[in-house]
**Q** 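Dropping the structure in here first, questions after.
Order of the sequence lines sets the chain letters (A, B, ...), proteins ahead of strands, with each chain counted from 1.
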Amino acid sequence: MFLKNYILEIWNAVKSLLKGMKLTGYYFTHHKEIITQNYPEVKQQLPERFRGEVVLIHDENNEHACTGCTACELACPNGTIKIITKFDVSPEGKKKKALDTFVYHLELCTMCNLCIEACPTSAIKMAQNFEHSVFNRNDLTKKLNKPGSKIREGVE
Amino acid sequence: MYRTTDILTNTPNASLSEAGYMVINVGPQHPATHGVLHLVITLSGETIINVEPHLGYIHRSIEKMCESLTYRQFIYTTSRMDYLSSHINNHCCALSVEKGLQIEIPDRAKYIRIILDELTRLASHQLWWGAMAMDIGAITPFFYAFREREMINDIMEETCGARLTMNYMVPGGVMFDLHPNFQKKVKEFIAFFKSKINEYDEILTGNIIFQNRMKGVGIISKEDAISYGCTGPTARGSGVSCDVRKLYPYEIYNRIEFDEIINNGCDSFARYEVRMQEMKQSLKIIEQLIDNIPEGDFQAKTKTVLKLPKGEFYTRVETARGEFGVYIVSEGGTTPYRIKFRSPGFSNLSALNHMAKGNKIGDLVAIMGSIDLVIPDIDR
């Protein structure tokens, strides 16, 4: 009786191992599709909402919608964004607050999306670029508004 | 059934090494541990006499940081605690702020939240299953687990914009509406995972080596599990009924049909079984909700600057690892006066010494795997 149980135990143990090996054997012989990607050569199309970095949207006339209201700066939990404003003088002699420099510290950003939610004019958005490694740390501090850009007409 | 020992057993000191015991350090950077966990183990031969976890290697003082952040901003920090159930952590924070503001969130947001919570739980359990098998020495299950987890990550990426630290739950609802592909992709995932979950049992659960490593190892009785404050699958594997979703339902959990999985095995294998069954329950919950998401707003109207009234607010949810709680003390301002997080990992880790005592050193990693430790959650 003891011997019978002993042999039965060994038989069941071997059977359980073979069952697992059968599964791995199946996948070894049935490699239907390649699930890995040849990353640097073939780049995956990332979804639209993917949070890679914050960018200021510029149109073809090099105009943006940022009024310099600093809502994004206040919404940011890490001090990633710093808005430097200036005063534009209109032809009539009226002073108007406008964006001078949109400083973005990528090294501090956690991609929480709170600045984009806070922006009243939808001037900024998240871009899909995810390859952020640079050789110099200072390169991570970016100026988002392009040189010579100005605010779009009609945006308040 | 099993012996119940007093928590206040003898703690080791320096004289132990003189008495013929060996004291060795495992971690903080050891391939067998998850994250930066430092264990000081006292051994007599191969038998474990005492395990003492040393924490502090990944302490970021999140609770203190939250005191200077507003009620919208502090939520993102909790994604960095238990990064495998970040959605559920964010959910708890959002619930706590909503409790203070006394706002009712739309039904659509509730449904979205629960579906994403359960998807996160599935992803977390899948990663645990793969990592636990790898702890024991089986490499292959890790790849099978990640094959399915990748599908969930893709869904998260498309809808929430991130794969791990989503920050999708905001006070008042969720950040964006669901992606148009969401329902289709979740249904595809459910169908795919249902056909694959049997493979999990085939390759690992029935395996005789795995069973011998797990059964009768890491025993903790029901009384001890309660007194150590264990929650989640760790406690339910010892027969403690502690599912917050069932006992104190939040959102719409009281309208959903699902079972609380309880196993009276008290050992590592019981905790394994609980998680395997929970995966099936999570699938059941998602299946009930995915076709019935009501139309409407995904976010309730809230003020730009949130101010909680003076008082204390506590909410708790069930994460993949156990009970997670957020305790906010407000003085009426825009930032909290004090925030305390009750993380499941910390209490579960405290029971490790009790579980590991008397076992062989080779079993320690298997026991740690069965508790499902996430170190940033323990160390905050």
**Q** I'd like to know which of B:Thr165, B:Thr159, B:Asn167, B:Thr70 tops the heavy-atom pair count under 4.5 Å against chain A.
**A** B:Asn167

**Q** Measure B:Met166 against the heavy atoms of chain A and call it side chain, backbone, both or neither at under 4.5 Å.
**A**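 The backbone, not the side chain.
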
**Q** Which atoms of A:Pro47 are under 4.5 Å from chain B, going by heavy atoms: the side chain, the backbone, both sets, or neither?
**A** side chain

**Q** Is it true that the side chains of B:His91 and B:Asp117 contain a donor and an acceptor less than 3.5 Å apart?
**A** yes

**Q** How about residues 138-146 of chain A versus chain B: which residues have heavy atoms under 4.5 Å apart?
**A** none

**Q** Classify the side-chain pair B:Glu199/A:Tyr26 by whether it contains a donor and acceptor separated by less than 3.5 Å.
**A**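 The criterion, which ignores hydrogens and geometry beyond distance, is not satisfied for A:Tyr26 and B:Glu199.
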
**Q** Measure B:Thr77 against the heavy atoms of chain A and call it side chain, backbone, both or neither at under 4.5 Å.
**A**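 Neither part.
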
**Q** Side chains of B:Val97 and B:Arg72: does their closest heavy-atom pair fall under 4.5 Å?
**A** no

**Q** Here's one to test your reading of the geometry: is the NZ or CZ of B:Arg108 within 45 degrees of the ring axis of B:Tyr111 and under 6.0 Å from its centre?
**A** no

**Q** So that I know where these two stand, are B:Tyr272 and B:Trp128 an aromatic pair - ring centroids less than 6.0 Å apart?
**A** yes

**Q** Give a yes or no answer on whether the side chain of B:Glu158 reaches the backbone of B:Asn181 with a donor-acceptor pair at less than 3.5 Å.
**A** no

**Q** Which answer fits A:Asn12, side chain, backbone, both or neither, if we ask what part of it has an atom under 4.5 Å from a heavy atom of chain B?
**A**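 For A:Asn12, neither part sits under 4.5 Å from chain B.
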
**Q** Taking B:Tyr200 as the fixed residue, which of B:Trp129, B:Tyr144, B:Phe142, B:Phe210 is the one that meets the ring-ring contact (aromatic ring centres under 6.0 Å, His included) rule?
**A**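 Among B:Trp129, B:Tyr144, B:Phe142, B:Phe210, the one meeting ring-ring contact (aromatic ring centres under 6.0 Å, His included) with B:Tyr200 is B:Trp129.
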
**Q** Before accepting this row, confirm whether a basic side-chain N of the pair B:Arg338/B:Glu63 lies closer than 4.0 Å to the acidic partner's carboxylate O.
**A** yes

**Q** I need the residue from A:Leu17, A:Thr24, A:Leu74, A:Thr110 with the largest number of non-hydrogen atom pairs under 4.5 Å to chain B.
**A**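 So the answer, after comparing A:Leu17, A:Thr24, A:Leu74, A:Thr110, is A:Thr110.
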
**Q** Could you check whether A:Arg137 pairs with A:Glu107 (Lys NZ or Arg NE/NH1/NH2 to Asp/Glu carboxylate O, under 4.0 Å)?
**A**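 So A:Arg137 does not pair with A:Glu107 through a salt bridge.
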
